[in-house]
Protein chains: 2
Amino acid sequence: MLTPERHRIILQLLKEKGIIKIQEIMELTNTSESTIRRDLSQLEKQKFLKRIHGGASRLQGKLQEPSMVEKSAKNLQEKRMIAKYAASLVEEGDCIYLDAGSTIFEMIEFLHVTDIVVVTNGLMHVPSLLNKDIPTYTIGGFVKPKTNAFVGRGALAGLELYRFDKCFLGVNGIHPQFGFTTPDQEEASVKHKAISLAREAYVLADSTKFSEISFAKISDLHEATIITNELADGIEKQYLTRTTIKVVTA
Amino acid sequence: MLTPERHRIILQLLKEKGIIKIQEIMELTNTSESTIRRDLSQLEKQKFLKRIHGGASRLQGKLQEPSMVEKSAKNLQEKRMIAKYAASLVEEGDCIYLDAGSTIFEMIEFLHVTDIVVVTNGLMHVPSLLNKDIPTYTIGGFVKPKTNAFVGRGALAGLELYRFDKCFLGVNGIHPQFGFTTPDQEEASVKHKAISLAREAYVLADSTKFSEISFAKISDLHEATIITNELADGIEKQYLTRTTIKVVTA
DNA sequence: TGTTTTTGAAAGAAAATGATTGACTTTCGG
DNA sequence: CCGAAAGTCAATCATTTTCTTTCAAAAACA
């Protein structure tokens, strides 16, 4: 077994389980303890994981944003359901804004209308959009390394050039009092501005985002319609007086 | 078995499995280890795969492959020479502009300074720049499908936000009378504006571009220094009175 | 025919691996 | 709290595998 393959397996396991023991990896890869130790050392140096006594753990402190790859493996099914519904809202002739992030990314494959224009701040979205022959604009600005999102002054100025029929956003926290929040202040500014430039704004969020609060506020709840997969019991009331929620079920 | 056939098999295997060992390929193609190694080296140089200890692996940057892979290996060599020299002009602390296009793309791997800022209109350049931990800005705007370059009103507005120490451009035609030209008018506008925003402008062009005229004019020759690999006999005079040319030799 | 390109083999360099050693951590019973 | 047993760790070494370079034979080409 080649080294990169082992690394891939280790990261995959880590993504699924959060913590792994050296013993487990040894059995799965049929290699010696020494080799696994070396692997873990390398991966730690590259900031892919954190070594702990007896194995390794995912590095994802609460302060840290999960990177794009980690996110995309998690809750993929739910995300796709939500994304599919959101995509169905897009109508012929629309000009839409697609936020960066993996949930919004899933929307692209479900976009079956042909005569639309898309503006996005997600670098990763562009190839997929072009593949579908969708005219695509980006807002420009600083490229945030971890998420590949355009942010900053350039992004805000770029946004200012456009107006949208609909905008679709991802967020990290949804809270009745504190509204929509996300860890990065720069990204929050972009999202906020996007909402203000659209006739209709939609926030795509799986159920885990409810009652969460992140650092930077994007806007109040009433400024966007929430699309989610389920609502925890008893929390409906707090939200439904403040905004519209669409629950998508399989 | 012919070389292109082997290459096809290798790429096919790679697409299916993600990682392949040299041993496997040897058995499948009935050729020697040396030959496979040579194949892998070539394919790596053309950015089709990544060599790893024991075999090869698919390169995952989805953004980096698409239409850019249509370059002959010989032309690539010249481009890389030109690109390498251009990259050596970048100094610590510079803010530089990198035009879209494959020649400029080759510059990135030769950028060995750490404290620089890059602005680009090339979507494909961004992942490579981020890989090298270089702070990267894009100018935004419409994404031209064929070249993945940002163009149009949004791109011009995005450019306006920045000023550069140096800008590096690709062109299609260089002519003493008609100046620098390129087929797409929108791209010409962006290139023209980039030149006007930079203290020093450089045009990277292999020798085949000389005496060519394309549709849209970018600027006169004197507005940029030309970096090329060779000068056809007898044409020096026509150019050297009008601009500066740096000829890079192996 | 002579020239260039492609191929396979061989030698030494480099990298990856597994086992071993002694030091360090954790656990758990007293 | 202590100390011993069990588990884990970094460092090192010998072995194996893989890599690069070089050279000459074979093949393709003019």
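Within every chain, numbering begins at 1; the chains are lettered A, B, ... in the order of the sequence lines, protein sequences first and strands thereafter.
- With D/dC19, D/dT8, C/dG18 as the candidates, the nucleotide lying closest to the side chain of A/T31 is C/dG18.
- The shortest side-chain heavy-atom distance between A/L40 and A/E44 does not fall under the 4.5 Å cut-off.
- Between the CD atom of B/E33 and the P atom of D/dT21 there is a distance of 15 Å, rounded to whole Å.
- Taking CG from B/L129 and CZ from B/F105, the interatomic distance works out to 8.5 Å, rounded to the nearest 0.5 Å.
- Ring geometry for A/F178 against A/H175 counts as tilted: the plane angle lies between 30° and 60°, on a 0 to 90° scale.
- D/dT18 atom P lies 14 Å from atom CD1 of B/I36, rounded to whole Å.
- Under the 6.0 Å cut-off for aromatic ring centres, B/Y137 and B/Y162 qualify, their centroids lying closer than that.
- Using a cutoff of 4.0 Å between basic side-chain nitrogens and carboxylate oxygens, A/K21 and A/E24 are not scored as salt-bridged.
- Between A/L13 and A/I10 there is no side-chain heavy-atom pair separated by less than 4.5 Å.
- Each of B/I22 and A/S41 lies near DNA chain D, and the nucleotide nearest A/S41 is the one positioned closer to the 5' end.
- For A/E187 against A/T147, the heavy-atom pair with the smallest separation is OE2-OG1, 3.3 Å.
- When rounded to the nearest whole Å, the span between CD of B/E24 and C1' of D/dT18 equals 15 Å.
- For the pair B/L40 CG and C/dT7 P, the interatomic distance rounds to 13 Å; values are reported in whole Å.
- Listed nucleotides C/dT7, C/dT17, D/dT18 differ in distance to B/Q23; the shortest reach to its side chain belongs to D/dT18.
- Between the NE2 atom of B/H53 and the C1' atom of C/dA15 there is a distance of 5 Å, given to the nearest Å.
- Note on A/T35: a side-chain N or O is less than 4.0 Å away from OP1 or OP2 of C/dG18.
- Using a 4.0 Å heavy-atom cutoff across all strands shown, B/I52 reaches sugar-phosphate atoms only and no base atom.
- If you check every strand for non-hydrogen atoms under 4.0 Å, A/T3 touches sugar and phosphate atoms only.
- Between B/M1 atom CE and C/dT7 atom C1' the separation is 14 Å, expressed in whole Å.
- Going from atom NZ of A/K21 over to atom C1' of D/dC9 covers 17 Å, rounded to whole Å.
- Summary of helix geometry: the two end axes of the helix from C/dT1-D/dA30 to C/dG30-D/dC1, each defined by five base pairs via their C1' atoms, are inclined to each other by 30° (rounded to 10°).
- Put simply, CD1 on B/I25 is 14 Å from P on C/dT7, counting in whole angstrom units.
- Nearest heavy atoms, A/G170 versus A/D99: N-OD2, 3.2 Å.
- The pair B/K132-B/E109 fails the salt-bridge criterion, with no side-chain N (NZ, NE, NH1 or NH2) lying under 4.0 Å from an Asp/Glu carboxylate O.
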Quick one: what's the B/S/- string for nucleotides 22-30 of chain D, heavy-atom cutoff under 4.0 Å, read 5' to 3'? ---------
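- Contact annotation: B/R37 does not reach the phosphate of C/dA9 (side-chain N/O to OP1 or OP2, under 4.0 Å).
- Here A/E186 does not pair with A/K144 in a salt bridge; the nearest charged N to carboxylate O distance is not below 4.0 Å.
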